[in-house]
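Below you'll find the structure, written out as structure tokens, and then a few comments.
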Amino acid sequence: MKTLVFATNNQHKLQEVRQILGEKFDIKGLSDIGCTVDIPETADTLQGNALQKAKYVKEHFGLDCFADDTGLECAALDGAPGIYSARYAGENHDSEANMRKLLEELKEKNDRSAQFRTVISLLYHGEEYFFEGIVRGTIIDEHKGTKGFGYDPIFVPEGYDTTFAEMSAEEKNSISHRGRAVARLAEFLSKLQ
């Protein structure tokens with residue numbers, strides 16, 4: 001079984017990725033390799049932030065790894081919160097505060113369309129690879145559901161009448177931005193075996 005490091009301390013993301021990649025890969029998180037640093041994300045794009053995190057692990061631990069960055073992009077807000085999604089209401093990564101701020105900014109807007117976009121950067125045998133996943137949907141005014149994390153309770157994906165937070169992990173992973181990006185990663189990795 002191939003071991004790869006996923007450069008995250010987010011246990012929700014780690015669990016999602018492990019569910020998607022299944023038994024084919026042994027996925028280690030940052031805590032599994034003894035990395036306790038909050039790796040900076042100072043790039044101005046999702047791809048740049050993902051690559052920055054992957055390079056940090058490669059440079060400091062010498063391990064092949066992948067990292068992701070995800071943003072919620074709202075049409076009416078010119079793509080915001082985008083790369084600032086996790087810290088939209090401040091540095092504390094407070095999902096409730098982030099959702100409150102977003103709903104306040106969308107209050108007077110007619111266009112509630114949005115998309116989640118994930119970019120994965122993979123550093124493997126000295127090469128860089130990128131994989132992207134997008135899911136389009138709508139931001140609703142009220143929280144629905146208790147599953148998931150982040151903006152999941154206010155995001156309804158296209159073709160559904162439930163939020164990500166109302167879906168089972170399997171259902172969400174089958175259509176989510178991260179699920180789509182990880183599926184592309186998995187397809188690529190399976191060709192290397």
Side-chain angles (χ1 to χ4, degrees), residues 2 4-25 27 29 39 41 43-55 57 64-75 77 79-88 93 95 98 102 112-124 127-139 145 147-160 162-192:
K2 195 170 282 177
L4 271 175
V5 176
F6 180 18
T8 188
N9 281 312
N10 184 319
Q11 293 304 308
H12 296 290
K13 283 186 182 183
L14 194 56
Q15 185 177 354
E16 276 186 7
V17 168
R18 284 177 173 155
Q19 285 174 334
I20 295 165
L21 290 178
E23 302 298 315
K24 295 179 184 173
F25 302 94
I27 304 299
I39 302 171
E41 297 176 46
D44 57 4
T45 64
L46 296 174
Q47 182 172 317
N49 280 336
L51 182 59
Q52 188 176 17
K53 290 185 280 189
K55 281 185 172 179
V57 171
D64 285 337
C65 66
F66 64 96
D68 80 321
D69 198 23
T70 295
L72 176 65
E73 301 168 336
C74 297
L77 302 177
I83 60 170
Y84 304 106
S85 294
R87 297 174 179 87
Y88 199 42
H93 296 260
S95 294
N98 289 339
L102 181 65
R112 302 301 287 253
S113 64
Q115 67 179 21
F116 272 117
R117 188 162 64 94
T118 293
V119 177
I120 293 175
S121 168
L122 170 68
L123 296 181
Y124 189 80
E127 298 292 328
E128 296 174 11
Y129 305 93
F130 295 96
F131 309 90
E132 184 178 82
I134 293 173
V135 63
R136 291 176 176 81
T138 304
I139 301 297
K147 301 177 185 124
F149 62 100
Y151 297 91
D152 287 357
I154 59 171
F155 182 83
V156 176
E158 277 183 2
Y160 291 80
T162 56
T163 67
F164 271 166
E166 294 176 289
M167 296 180 179
S168 69
E170 294 74 24
E171 186 178 12
K172 178 187 171 188
N173 289 342
S174 72
I175 63 165
S176 79
H177 46 294
R178 187 170 297 105
R180 291 173 177 176
V182 172
R184 291 183 176 107
L185 169 69
E187 182 182 358
F188 173 81
L189 290 172
S190 68
K191 293 176 184 173
L192 300 178

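As the structure is a computational prediction, the values presented were derived from the model and not from experiment.
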Note, [X] side chain near [Y] side chain (heavy atom, < 4.5 Å):
X: Y151; Y: F116; result: yes
X: I120; Y: V182; result: yes
X: E132; Y: F130; result: no
X: N173; Y: E16; result: yes
X: L189; Y: L4; result: yes
X: I134; Y: Q115; result: yes

Sub-3.5 Å donor-acceptor pair from the side chain of [X] to the main-chain atoms of [Y], do we have one?
X: D152; Y: F149; answer: yes
X: N49; Y: A43; answer: yes
X: E166; Y: T163; answer: yes
X: S85; Y: L72; answer: yes
X: N98; Y: Y88; answer: yes

Rounded to the nearest 0.5 Å, the CG atom of D44 sits from the OH atom of Y84 at a distance of 7.5 Å
Distance in Å, N9 CG paired with Q11 CD, rounded so as to fall on 0.5 Å steps | 7.5 Å
Can you see which heavy atom on [X] is nearest to which on [Y], and at what distance?
X: L46; Y: T70; value: CD2-C, 3.7 Å
X: V17; Y: R178; value: CG2-CD, 4.1 Å
X: I27; Y: R18; value: O-NH2, 2.8 Å
X: L102; Y: P81; value: CD1-CD, 4.1 Å
X: F155; Y: V135; value: CZ-O, 3.7 Å
X: F164; Y: P157; value: CE2-CG, 3.7 Å

Which residues share a salt bridge (Lys or Arg N to Asp or Glu O under 4.0 Å) with E73, sequence neighbours left out =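 E73 satisfies salt bridge (Lys or Arg N to Asp or Glu O under 4.0 Å) with R117 once adjacent residues are dropped.
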Under the side-chain hydrogen bond (donor to acceptor under 3.5 Å, both in side chains) test, which residues partner S113, sequence neighbours left out?
->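 Listed in chain order: D111.
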side-chain hydrogen bond (donor to acceptor under 3.5 Å, both in side chains) against K13, all qualifying residues, sequence neighbours excluded =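 In terms of side-chain hydrogen bond (donor to acceptor under 3.5 Å, both in side chains), with neighbours along the sequence ignored, K13 is linked to D68.
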In sequence, state the C-alpha distance, the side-chain angles, and the governing distance for V5 and V57, and then conclude on side chain to side chain contact (heavy atoms under 4.5 Å, CB included).
-> CA-CA 8 Å; V5 176; V57 171; 4.1 Å; yes
Applying side chain to side chain contact (heavy atoms under 4.5 Å, CB included), name anything that partners [X], two or more places apart in sequence or on another chain.
X: A67; value: A7, K53, A54
X: R112; value: L103, L106, T138, I139, D141
X: R184; value: F131, R180

Should the ring pair Y129 and F188 be called parallel, tilted or perpendicular, given that the plane angle runs from 0 to 90° and is split at 30 and 60?
-> tilted
